[in-house]
Chemist: 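Just dropping this structure here.
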Amino acid sequence: MAITTPVYTKKSLLAGILFCLALVFGALLLSAVYLMPFLKAHQVAADLVFLSSRLLLWLVLLLLYLYVIKTEAGPFLIWGNTTLTIKKSIMLVAGILLGIFCCGMLSAIIAKVFGWNMQSARFNEAVKLFIHYPYLVYFTAITAGITEELLFRGYLLPRLQLLVNNSMFSILLSSLLFGLLHFGYGTLFNMLGPFFMGIVFAFFYNKYRHMGILIIAHSLWDILAILAKTSVAPLK
């Protein structure tokens with residue numbers, strides 16, 4: 001399938017990619033080092049503190065969108081969207097979910113083989129918040145589904161492919177960056193899982209070019225994963 005895009009130079013592609021990464025990882029650093037400690041110090045409610053970190057992702061997406069409009073002067077999604085039937089869409093969502101499940105099993109096997117810690121104190125804290133504030137489950141999952149897919153698959157992946165002209169390298173690199181996005185959870189296991197998950201999403205987007213399918217699958221997976229975790233976690 002041909003990529004319909006305005007003329008991009010190597011310099012403009014690299015600038016956009018670096019700007020995107022600076023926004024994403026800068027926001028994570030800002031949240032962890034300044035925003036959340038500041039809100040906690042001023043005794044802001046725990047759910048609102050957590051909510052602020054999710055809202056930062058929406059701000060990042062907005063700033064990147066403005067950059068695309070003003071600087072790139074082209075579409076945010078340079079691959080566009082293909083037309084899919086309802087049956088095909090359902091099958092693709094199911095295929096993505098199955099792929100993520102298999103990758104999760106693979107991540108767990110690798111972690112056990114190498115003796116990696118599979119328990120994240122920060123994630124366990126988040127689970128407690130999800131139990132006490134159920135609305136955070138859905139807001140977090142939908143936020144991740146929309147913002148992360150648009151940032152890493154919608155924006156980064158096609159531009160990486162245009163920059164290096166290598167689909168596999170672009171898929172692996174964008175997935176590696178997606179894994180690093182989760183470094184705040186503090187374990188290799190919590191980065192390895194998203195790395196494999198990113199490969200699944202990137203492969204499907206590279207092949208089928210439909211962002212909506214990725215957003216639905218990502219949001220559904222996060223909702224199911226969080227609900228499964230909260231159902232077995234002790235309520236404190």
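Worth saying up front: this structure is predicted, and the values here are computed from it rather than measured.
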Chemist: Using side-chain heavy atoms (C-beta onward) and a distance below 4.5 Å, is Phe130 in contact with Thr140?
Modeler: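 They are in side-chain contact.
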
Chemist: Let me see the working for Val113 and Ile110 under side chain to side chain contact (heavy atoms under 4.5 Å, CB included), right down to the final yes or no.
Modeler: CA-CA 5 Å; Val113 168; Ile110 293 174; 5.7 Å; no

Chemist: Is it true that atom CZ of Phe203 has more than 12 heavy atoms of other residues, nucleotides or ligands lying nearer than 6.0 Å?
Modeler: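 Result for CZ/Phe203: open.
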
Chemist: Could you give me the CA-CA distance, side-chain angles and deciding distance for Val200 and Phe196, then say whether side chain to side chain contact (heavy atoms under 4.5 Å, CB included) is met?
Modeler: CA-CA 7 Å; Val200 173; Phe196 286 136; 5.9 Å; no

Chemist: Can Thr147 and Trp58 be counted as having a side-chain donor-acceptor contact under 3.5 angstrom?
Modeler: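 Absent: no donor and acceptor within the cut-off.
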
Chemist: Under 6.0 Å from the ring centre and within 45 degrees of the ring axis: does the NZ or CZ of Arg209 meet both conditions for the six-membered ring of Phe204?
Modeler: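 So Arg209 doesn't make the cation-pi contact.
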
Chemist: What I'd like to find out is whether the side chain of Ile78 reaches to under 4.5 Å of the side chain of Tyr8, using heavy atoms alone.
Modeler: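 Yes, at least one pair of side-chain atoms sits under 4.5 Å.
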
Chemist: Can you tell me if Met168 has over 12 outside heavy atoms packed within less than 6.0 Å of its CE?
Modeler: no

Chemist: Taking side chain to side chain contact (heavy atoms under 4.5 Å, CB included) as the criterion, tell me which of Leu163, Asn165, Leu157 meets it with Ser170.
Modeler: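 Among Leu163, Asn165, Leu157, the one that satisfies the side chain to side chain contact (heavy atoms under 4.5 Å, CB included) with Ser170 is Leu157.
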
Chemist: Decide yes or no for His182 and Pro194: does some side-chain heavy atom of the first lie under 4.5 Å from some side-chain heavy atom of the second?
Modeler: yes

Chemist: Within this structure, what is the CG-OG distance for the pair Leu176 and Ser174, rounded to the nearest 0.5 Å?
Modeler: 9.0 Å

Chemist: I want to check a possible cation-pi pair here: Arg54 against Phe50, using under 6.0 Å from ring centre and within 45° of the ring axis as the test.
Modeler: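 Output yes; distance and angle both within limits.
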
Chemist: Using 0.5 Å steps for rounding, measure from the OG atom of Ser175 to the CZ atom of Phe152.
Modeler: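 With rounding to 0.5 Å, OG (Ser175) is 10.0 Å from CZ (Phe152).
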
Chemist: Given side chains that start at C-beta, do those of Leu56 and Leu59 come closer than 4.5 Å, heavy atoms only?
Modeler: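 Heavy-atom side-chain distance check passes, below 4.5 Å.
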
Chemist: When you compare the side chain of Glu72 with that of Tyr155, does any pair of heavy atoms fall below 4.5 Å?
Modeler: yes

Chemist: Using a 4.5 Å cut-off on heavy atoms from C-beta on, say whether the side chain of Cys20 contacts that of Leu156.
Modeler: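 Result yes, sub-4.5 Å side-chain heavy-atom pair found.
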
Chemist: Give, for atom CG of Leu13 and atom CG of Leu18, the distance between the pair rounded to the nearest 0.5 Å.
Modeler: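 So the CG of Leu13 and the CG of Leu18 are separated by 11.0 Å.
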
Chemist: Can we call the ring centroids of Phe201 and His218 under 6.0 Å apart?
Modeler: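 Yes, the ring centres sit under 6.0 Å apart.
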
Chemist: Please determine whether the number of non-hydrogen atoms from other residues, nucleotides or ligands lying under 6.0 Å from atom NZ of Lys11 exceeds 12.
Modeler: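 Not more than 12 within 6.0 Å, no.
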
Chemist: Leu150 vs Met211, test: side chain to side chain contact (heavy atoms under 4.5 Å, CB included). Steps then yes/no.
Modeler: CA-CA 8 Å; Leu150 286 172; Met211 179 52 57; 3.8 Å; yes

Chemist: Transitively linked via ILVMFWY side-chain contacts under 4.5 Å: Leu98 with Ile100?
Modeler: no

Chemist: Trp221 vs Phe101 aromatic rings, parallel, tilted or perpendicular, using cut-offs 30° and 60°?
Modeler: perpendicular

Chemist: For residues Ser12 and Thr9, is any side-chain donor paired with an opposing acceptor at under 3.5 Å?
Modeler: yes

Chemist: Is the distance between the ring centroids of Phe195 and Phe178 under 6.0 Å?
Modeler: no

Chemist: Working to the nearest 0.5 angstrom, can you tell me the gap between Leu224 CG and Lys229 NZ?
Modeler: 15.5 Å

Chemist: What residues, two or more places apart in sequence or in another chain, satisfy side chain to side chain contact (heavy atoms under 4.5 Å, CB included) together with Met191?
Modeler: Leu180, Phe183, Leu188

Chemist: Who are the side chain to side chain contact (heavy atoms under 4.5 Å, CB included) partners of Tyr133, not counting sequence neighbours?
Modeler: Asp47, Leu129, Tyr135, Leu136

Chemist: Would you give the length of the straight line joining atom CZ of Phe76 to atom CG of Leu66, rounded to the nearest 0.5 angstrom?
Modeler: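 CG of Leu66 is found 10.5 Å from CZ of Phe76.
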
Chemist: Say you draw a straight line from OG1 of Thr143 to CG of Asp222; how long is it, rounded to the nearest 0.5 Å?
Modeler: 10.0 Å

